[in-house]
Amino acid sequence: MLVLVLLTGCGLKNQGHTATDDGAGSAADGFSAGDLVGKQGPGLALFSSKEVRQAYRKKCGLPDGIELPDINSRSSAGINAESNKWKVVQEFDEGSLCLAVAQDKKAKLWKWSDATNVCYYLFRYGALEGGNNTANGILCYKVDSCEGCAFDFIGESPKSWDDLAIPGDVRMDNKGELVPGSMDNCYACHMHKYVAPRPKTYELAEDEGWPKQWRQCAKDGGVKWVLPDKPYSSVAAWEKRSEEKVKTPAACVGCHGKNWVPSTDPERYAGVFAEAFTANGSMYKIGPKSEAQWEQLPLEECIKFLESIGQKTAENISRICEVKTHKFSVGITGNGFGSVGWFEYGVVKYCDGNSNNLTCDVEYREPLA
């Protein structure tokens, strides 16, 4: 099933494809591995041609004739609006309440599907005149497997699929660093297809049945990315899949399954992972209140898990793993002496007082700042 995840995904930051009239870049097709190694210089580019991009879509199993949503309705269409067989399934305001990345932009999530594929197009847009402040990430997955394809574009809203970058499209500046016009590294965060670090994305995850796919992709060793027939040296990272799956902590199995595939780019993944644990993150806003909830994860097991997925930092340990105990005065009908159970703020360990004014010790993990 094809999907774009959300809100952290492809087409973000300072990356995206800048197309020419014929869709070709300034470098010829078929660069061999290592062509970019050690080479620096302004305008150094490695872009696939229009024909290579069309062949990539065919390899992904996308049918001929599929069009992007109408360029004039991408930002204005509301929930359930349709255009060229795409449908708006979620919309996001700017700010941390809705988005984990690129919080200065608004976004619409468009969905297209057939019997074999599902694609999600995350269209991010800003307030700059001329429509040049957009980020366009499309992830497509097979309905019955964890095979995926990725497309990307930053800048002016793309007119067609031929304007979208594909894995391997690269441009470097005179310092040898990637600049706008490069394909975003979707593989860094989308190991299990979808990402839901905010309540708005988790809400969609439940509606679209993502948790089931999280579990299946983790079991299968992560997403297997379809790559162009003539891959460039820069696609090597897309081919990497974890050789050893990490055991998911018992407190997290309900949503994520028994296995977890670590990101092959933990530094980039860190922003998405941590954002889920902020005050506006999905782990705090929509986490289920049950005895198997993440808040019940033992300290040592939590730290070990962070280490196994490359996210063991002092801040993560302090805010995600360490439990703080605070006292709350609450009014509860009935005898609360020695009671243990769930309370609004976490796990009630002990209460003392009378039936109308209990003082309780409550253990909970604080959200990241």
Side-chain angles (χ1 to χ4, degrees), residues 8 100 188-199 201-202 205-206 210-223 241-326 339-350 360-369:
T8 142
C189 300
H190 293 267
M191 304 89 67
H192 304 160
K193 283 192 178 180
Y194 316 106
V195 181
R198 283 290 185 267
T201 45
Y202 187 83
E206 291 188 310
W210 290 358
K212 180 180 179 179
Q213 295 178 57
W214 290 339
R215 295 189 288 269
Q216 184 59 52
C217 283
K219 182 179 179 180
D220 292 346
V223 173
R241 301 176 79 194
S242 177
E243 296 181 359
E244 182 178 354
K245 291 172 286 189
V246 171
K247 182 179 180 182
T248 304
C252 310
V253 168
C255 288
H256 297 282
K258 297 180 180 180
N259 302 296
W260 192 290
V261 178
S263 172
T264 55
D265 188 351
E267 182 176 354
R268 183 171 177 78
Y269 176 59
V272 173
F273 181 80
E275 285 292 331
F277 294 89
T278 62
N280 292 322
S282 56
M283 292 299 294
Y284 275 94
K285 292 294 186 181
I286 47 76
K289 296 297 186 213
S290 70
E291 289 300 324
Q293 190 181 2
W294 153 71
E295 279 91 339
Q296 296 294 288
L297 183 60
L299 176 63
E300 293 304 317
E301 185 179 0
C302 180
I303 294 175
K304 182 178 180 180
F305 176 66
L306 291 181
E307 183 175 20
S308 68
I309 62 173
Q311 302 302 316
K312 181 183 176 182
T313 65
E315 181 180 33
N316 281 350
I317 291 175
S318 175
R319 291 307 195 97
I320 296 177
C321 295
E322 293 180 356
V323 176
K324 281 74 174 177
T325 300
H326 295 266
S339 63
V340 177
W342 276 105
F343 181 56
E344 179 182 0
Y345 300 100
V347 182
V348 177
K349 305 303 292 186
Y350 184 82
C360 302
D361 289 338
V362 181
E363 291 187 354
Y364 68 101
R365 290 186 166 97
E366 297 176 346
L368 293 170

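All of these numbers come straight from a predicted model, not from anything done at the bench. Because only heavy atoms are used, hydrogens play no part in the values below, and waters and symmetry mates are left out as well, while side chains stay in.
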Distance-minimising heavy-atom pair for [X] and [Y]:
| X | Y | answer |
| --- | --- | --- |
| Thr201 | Arg198 | OG1-O, 2.6 Å |
| Ala205 | Ala196 | CB-CB, 4.3 Å |
| Leu299 | Cys321 | CD1-O, 3.5 Å |
| Ala218 | Val261 | O-CG2, 3.8 Å |
| Arg268 | Cys189 | O-SG, 4.3 Å |
| Ile309 | Pro266 | O-CB, 4.3 Å |

Residues that [X] engages under side chain to side chain contact (heavy atoms under 4.5 Å, CB included), provided they are two or more places apart:
| X | result |
| --- | --- |
| Glu307 | Lys312 |
| Ala270 | Gln311 |
| Lys212 | Arg215 |
| Glu206 | Tyr202 |

For the backbone of [Y] and the side chain of [X], can you confirm whether one donor and one acceptor N or O come within less than 3.5 Å of each other?
| X | Y | value |
| --- | --- | --- |
| Trp214 | Tyr194 | yes |
| Thr248 | Val253 | no |
| Ser318 | Glu315 | no |

Quiz item: Quick one: CD on Gln213 to CG on Asp220, what's the gap to the nearest 0.5 Å?
Solution: 11.5 Å
Self-check item: Nearest-0.5 Å distance, NZ of residue Lys258 to SG of residue Cys252
Solution: 14.5 Å
[Y] side chain reached by [X] side chain, heavy atoms, under 4.5 Å:
| X | Y | answer |
| --- | --- | --- |
| His190 | Val223 | no |
| Cys302 | Ile320 | yes |
| Val195 | Tyr269 | no |

Quiz prompt | Near-ring test His192/Trp210, centroid separation under 6.0 angstrom | solution = no
Quiz item: Please walk me through it: do Ile317 and Glu322 pass side-chain contact (heavy atoms from CB on, under 4.5 Å)?
Solution: CA-CA 6 Å; Ile317 291 175; Glu322 293 180 356; 3.9 Å; yes
